[in-house]
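The block underneath contains the structure these notes are about, expressed in structure tokens.
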Amino acid sequence: RTGLSGKAEGFERELEKSLSESRYLIVVCSPEVAERKGGCNWIQWEIETFRRLHGDDADSRIIPVIAGGDPDLTDASCLPLPLRREVFAGRNLPDMRVHDGHGGFWARRRAWHSAVITLLSYVFDVERQAIEDRFAVERARVRVRMLTGLTVAIAVIAVFGVWAYLERERKKDAEAW
């Protein structure tokens with residue numbers, strides 16, 4: 001970040017303004033992100049700037065989302081250096097990793113779903129189970145709508161099938177006369 005051009009300095013000011021207006025800072029964490037060292041590490045800059053702008057309350061409003069690696073306090077952590085503190089490593093973080101060893105579509109979908117639920121519970125300060133319950137109610141509502149639509153479609157097809165059969169039989173009877 002040293003020797004920034006005029007455009008980059010304008011970008012930095014705009015980013016700082018956005019960080020000051022943000023209620024939360026969501027940091028997607030992976031070993032690749034955490035390994036970035038030296039010159040241009042915007043992630044560390046964003047975290048440090050958010051902390052500076054939001055003071056003592058900042059750590060409670062930084063939400064690391066784990067995309068890969070382990071969120072511990074070691075050098076191999078997926079957490080960027082400014083987040084390698086007990087306050088983050090000990091928290092129940094939104095986790096997008098697949099834990100059962102099967103990286104198929106459904107396993108990844110469940111992991112992402114779980115991470116989104118956890119993230120929403122942090123942002124809205126609502127118990128995770130309350131959000132899960134709301135999702136379950138909405139899924140049930142969608143299933144009812146889908147089944148209703150499918151039932152109507154089957155009924156319409158059945159009605160047209162019966163009508164077509166009766167028409168064919170009527171034509172046969174008419175030809176027989």
Side-chain angles (χ1 to χ4, degrees), residues 1 4 7-37 40-146:
R1 290 189 35 255
L4 295 173
K7 285 184 181 179
E9 287 174 0
F11 172 73
E12 187 174 320
R13 278 192 300 275
E14 197 62 34
L15 189 55
E16 187 168 341
K17 179 179 181 271
S18 294
L19 287 170
S20 72
E21 295 170 354
S22 297
R23 185 171 172 198
Y24 291 96
L25 177 65
I26 298 170
V27 182
V28 179
C29 302
S30 71
E32 297 79 18
V33 169
E35 287 176 9
R36 297 224 40 196
K37 294 179 176 78
C40 184
N41 193 333
W42 284 100
I43 295 164
Q44 283 188 1
W45 180 86
E46 287 180 30
I47 294 167
E48 290 163 359
T49 302
F50 189 84
R51 277 192 177 137
R52 179 175 48 79
L53 294 170
H54 293 280
D56 294 338
D57 189 34
D59 282 351
S60 67
R61 298 193 292 155
I62 296 174
I63 306 171
V65 177
I66 309 306
D70 290 315
D72 53 31
L73 301 176
T74 68
D75 287 340
S77 176
C78 68
L79 296 172
L81 201 54
L83 298 184
R84 288 188 196 160
R85 299 171 46 207
E86 191 60 44
V87 68
F88 296 108
R91 202 189 288 176
N92 180 24
L93 302 174
D95 192 347
M96 300 185 316
R97 299 172 297 170
V98 177
H99 293 282
D100 60 8
H102 299 83
F105 171 79
W106 293 108
R108 286 192 311 274
R109 184 174 182 267
R110 280 189 303 274
W112 276 73
H113 175 81
S114 176
V116 168
I117 297 294
T118 305
L119 182 62
L120 290 173
S121 73
Y122 275 113
V123 170
F124 295 116
D125 195 25
V126 175
E127 289 295 321
R128 181 185 164 87
Q129 191 58 50
I131 296 172
E132 285 282 359
D133 294 346
R134 292 286 298 267
F135 269 100
V137 167
E138 189 57 32
R139 274 194 303 272
R141 207 175 284 148
V142 167
R143 285 187 185 118
V144 166
R145 287 184 195 134
M146 288 173 49

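No donor-acceptor pair under 3.5 Å is formed between the side chain of His54 and the backbone N or O of Tyr24. Checking side-chain atoms of Ser20 against main-chain N and O of Lys17 turns up a donor-acceptor pair under 3.5 Å. Looking at Ser18, its side chain does come within 3.5 Å of a backbone N or O of Glu14 through a donor-acceptor pair.
Contact annotation: the side chain of Ile62 never approaches that of Glu46 to less than 4.5 Å [non-hydrogen atoms, C-beta and beyond].
With respect to Arg141 and Glu138, a salt bridge is recorded, a charged nitrogen being found less than 4.0 Å from a carboxylate O. Contact check on Arg23 versus Asp57 returns no salt bridge, with no Lys/Arg side-chain nitrogen under 4.0 Å from an Asp/Glu carboxylate oxygen.
The minimum heavy-atom distance linking Ile47 with Pro82 is given by the pair CG2-CB, 3.6 Å. Nearest heavy atom pair, residue Cys78 against residue Pro31, reads CB-N, 3.8 Å. When every heavy atom of Ser22 is checked against every heavy atom of Phe50, the shortest pair comes out as O-CE1, 3.9 Å.
Atom CG of Asp95 sits about 12.5 Å away from atom CG of Leu119, to the nearest 0.5 Å. To the nearest 0.5 Å, atoms NE2 (His113) and OG1 (Thr118) are separated by 9.0 Å. Between the CZ atom of Arg128 and the CG atom of Leu120 there is a distance of 10.0 Å, given to the nearest 0.5 Å. For the atom pair Asp59 CG and Arg91 CZ, the distance stands at 7.5 Å (nearest 0.5 Å).
A perpendicular orientation is assigned to the rings of Trp45 and Trp42, their planes being inclined by more than 60° (bins at 30° and 60°).
Taking a 6.0 Å sphere around CZ of Arg109, one finds it holds 12 or fewer heavy atoms contributed by other residues, nucleotides or ligands.
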